[in-house]
Peer 1: 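Once you've had a glance at the structure underneath, I'll fire off some questions.
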Amino acid sequence: MFTNLFEGRSKCGLEKMMVLGTLAWVLSGALPAFADDDNSSKTLFVDDDKVQCPNAQYTEIQDAVLAAPSGATIHVCPGTYKKQVMIMKPLKIVADTGSILQPTGAIPNATNVNDSSPITALLLVSHTQGVSIDDLTVDGANSSPNACAPDYVGVMFQNASGELTHMAVRNIKLGTGLLGCQSGEGIFVQNSSQSLEVDISDSSVHDYQKTGILIDQKGSNATITHNYVTGLGSTPDIAQNGIQISRGASASVANNFVNNHLYSLCTSASCMAAFSANILVFHAASVSLRNNTTGTAQVGIYVQANNAQVQNNDVYDNKVFDGIDLIGNNNHAASNNVFHSDTAGILVAGNNNHVDGNTINEATNGVLLFPGSGNQVNGNKYFNVLVPTSNDPGPFTAVVRVSADRTALISPR
């Protein structure tokens, strides 16, 4: 039996990247090519069978990456590509619809900056800036690790910046009997030093084991817009999360659809082991959550941080707990629509939080306030709510505890 503590993932990074990450390519006699010249007009073509693009120079994306000068474009023709991809220089990858990166026999190519534990990323962007990838499917069905470690990731930006657009990331999970392992992130952004940003837009992320999109660690910044992030639904194996911003990271999260993250063993407010959130924020530096739609989780939007802006979101079908949790100071929830929350539409614990102009329909408590100072609740509309504004004498306990490979958020009840 595996531990299923809810959880934010607290993941990792890369100081030994140059050793582990390039080992496979070194052994094959190939090393990344770097160039100082302007190669923005240079395009290399890749086709797995050279049917759609008969004149393509390469049959694997990784081989083109190794050969390409910095600043070049790699055009990926339709096909299935079976080598992991590791990018360590500025490149633009433009894929035709039907291009699938589905590696077999994937190996660790990154390491955790916290504990040096290994990570297997199917597509890794490392120690570079300005990498863009468009219209590529990343499928982990053929490389699932047969143990809880290494951690399994679809697309990883580590100490790197760039953008992902029109991506499909799927099947980033372990095999039968391993679904309780705290592993399996669809897209993972993590920096250990300088501040770098990754833009993630118009993409589909689904069938991951732990977290759909994870932005973690100080210096990790992201703009996350117009993505569909879909969990496994009700499952007893693991407490999943959709989008997570954590441990000093910052992000703007807007116009996303995030749903189906439900830990089925958490069935009442007395469950203290684990629960799932569609959007999870804890100990983040700066977060804006606007115009997102989230449905079916124990908590729709969970914020344990300061100065977060939670505005104009539609939050529905919140099993056991709440639509929106504001835990911390100076957070602002405004103009959100919260439908069907078993406990509270919006929960507030901390100081100087503002809850203004929200619409709450069907909840035991509209706004549930725990002891704090300077909290303001104004102009909210309540429908089918037993108690519009209620005060809980507390104390409120929200504990984030850190273990060797993860953080676990213990239920506040």
Side-chain angles (χ1 to χ4, degrees), residues 1-9 140-141 144 148 152 154 168-187 204-214 227-244 256-282 292-303 313-325 337-347 361-364 398 406-413:
M1 179 68 68
F2 294 97
T3 301
N4 292 318
L5 295 174
F6 160 69
E7 316 146 323
R9 285 289 291 171
S144 299
C148 288
Y152 195 35
V169 183
R170 65 195 188 200
N171 298 321
I172 310 301
K173 54 186 179 181
L174 309 187
T176 303
L178 297 173
L179 293 180
C181 299
Q182 305 303 308
S183 175
E185 293 79 45
I187 298 173
S204 172
V205 186
H206 62 92
D207 287 290
Y208 43 84
Q209 183 155 320
K210 181 58 192 174
T211 305
I213 298 175
L214 171 59
N227 301 287
Y228 284 76
V229 182
T230 306
L232 297 175
S234 181
T235 174
D237 296 308
I238 194 167
Q240 290 189 297
N241 307 303
I243 297 175
Q244 177 181 320
N256 300 282
F257 290 82
V258 189
N259 56 32
N260 282 347
H261 302 90
L262 195 68
Y263 180 46
S264 65
L265 298 185
C266 179
T267 59
S268 71
S270 63
C271 75
M272 294 296 292
F275 64 87
S276 291
N278 280 323
I279 298 178
L280 167 66
V281 176
F282 69 88
N292 300 287
T293 299
T294 83
T296 311
Q298 266 90 29
V299 178
I301 297 175
Y302 185 99
V303 175
N313 300 284
D314 290 336
V315 183
Y316 66 91
D317 199 21
N318 310 294
K319 309 289 189 182
V320 182
F321 295 126
D322 316 309
I324 299 171
D325 284 356
N337 297 306
V338 184
F339 302 90
H340 180 206
S341 302
D342 283 352
T343 298
I346 300 175
L347 179 148
N361 190 335
E362 195 180 3
T364 302
R406 61 185 180 272
T407 61
L409 174 63
I410 304 304
S411 167
R413 309 300 198 283

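Because only heavy atoms are used, hydrogens play no part in the values below, and waters and symmetry mates are left out as well, while side chains stay in. We're numbering straight along the sequence, starting at 1.
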Peer 1: Answer yes if the side chains of N259 and T296 hold a donor-acceptor pair under 3.5 Å, and no otherwise.
Peer 2: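 No - no donor-acceptor pair under 3.5 Å links their side chains.
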Peer 1: Residues in ring pair (Phe, Tyr, Trp, His ring centres under 6.0 Å) with F257, at least two apart?
Peer 2: Y228
Peer 1: Could you check if a side-chain atom of Q209 sits within less than 4.5 angstrom of a side-chain atom of Q240, using non-hydrogen atoms only?
Peer 2: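 They are not in contact (no side-chain heavy atoms under 4.5 Å apart), so the answer is no.
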Peer 1: Between N337 and D314, do the side chains contain an N or O donor and an N or O acceptor separated by less than 3.5 Å?
Peer 2: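 Short answer, yes.
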Peer 1: So, using side-chain hydrogen bond (donor to acceptor under 3.5 Å, both in side chains) as the criterion, who are the partners of T293 when residues are at least two apart?
Peer 2: none
Peer 1: Measure the spacing between CG of L280 and OG1 of T211 and express it to the nearest 0.5 Å.
Peer 2: 8.0 Å
Peer 1: Identify the two heavy atoms, one from V169 and one from G154, that lie closest to each other, and give their separation to 0.1 Å.
Peer 2: CG1-CA, 4.2 Å
Peer 1: Given 3.5 Å as the limit, does a donor-acceptor pair link the side chain of D342 with the main chain of V320, or not?
Peer 2: yes
Peer 1: State, yes or no, whether a side-chain contact exists between I324 and V338 at a heavy-atom distance under 4.5 Å.
Peer 2: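 They are in contact (side-chain heavy atoms under 4.5 Å apart), so the answer is yes.
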Peer 1: Are any of the side-chain heavy atoms of Y302 and F275 separated by less than 4.5 Å?
Peer 2: yes
Peer 1: Donor-acceptor check, side chain of E362 to backbone of F339, threshold 3.5 angstrom: yes or no?
Peer 2: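 Here the side-chain-to-backbone pair does not exist.
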Peer 1: Minimum heavy-atom separation for S234 to S264, with atom names?
Peer 2: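 Looking at all heavy atoms of both residues, the closest pair is OG-CB, 3.1 Å.
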Peer 1: Do side-chain atoms of D322 reach the backbone of A344 as a donor and acceptor pair under 3.5 angstrom?
Peer 2: yes
Peer 1: Over all heavy atoms of both residues, which pair between S276 and H261 is shortest? Give the atoms and the distance, please.
Peer 2: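 It is CB-O, 3.2 Å.
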Peer 1: Using side-chain hydrogen bond (donor to acceptor under 3.5 Å, both in side chains) as the criterion, list what pairs up with N256, not counting sequence neighbours.
Peer 2: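 side-chain hydrogen bond (donor to acceptor under 3.5 Å, both in side chains) check on N256 returns N227, N292.
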Peer 1: Evaluate the side-chain contact (heavy atoms from CB on, under 4.5 Å) criterion for residues Y208 and V229: first the C-alpha distance (whole Å), next the side-chain angles of each, then the deciding distance (0.1 Å), finally the verdict.
Peer 2: CA-CA 10 Å; Y208 43 84; V229 182; 3.3 Å; yes
Peer 1: Could you tell me whether a side-chain N or O of E185 sits under 3.5 Å from a main-chain N or O of S183, the two making a donor and an acceptor?
Peer 2: no
Peer 1: Any sub-3.5 Å donor-acceptor pair from Y152's side-chain atoms to G140's backbone N or O?
Peer 2: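 Yes; at least one donor-acceptor contact below 3.5 Å.
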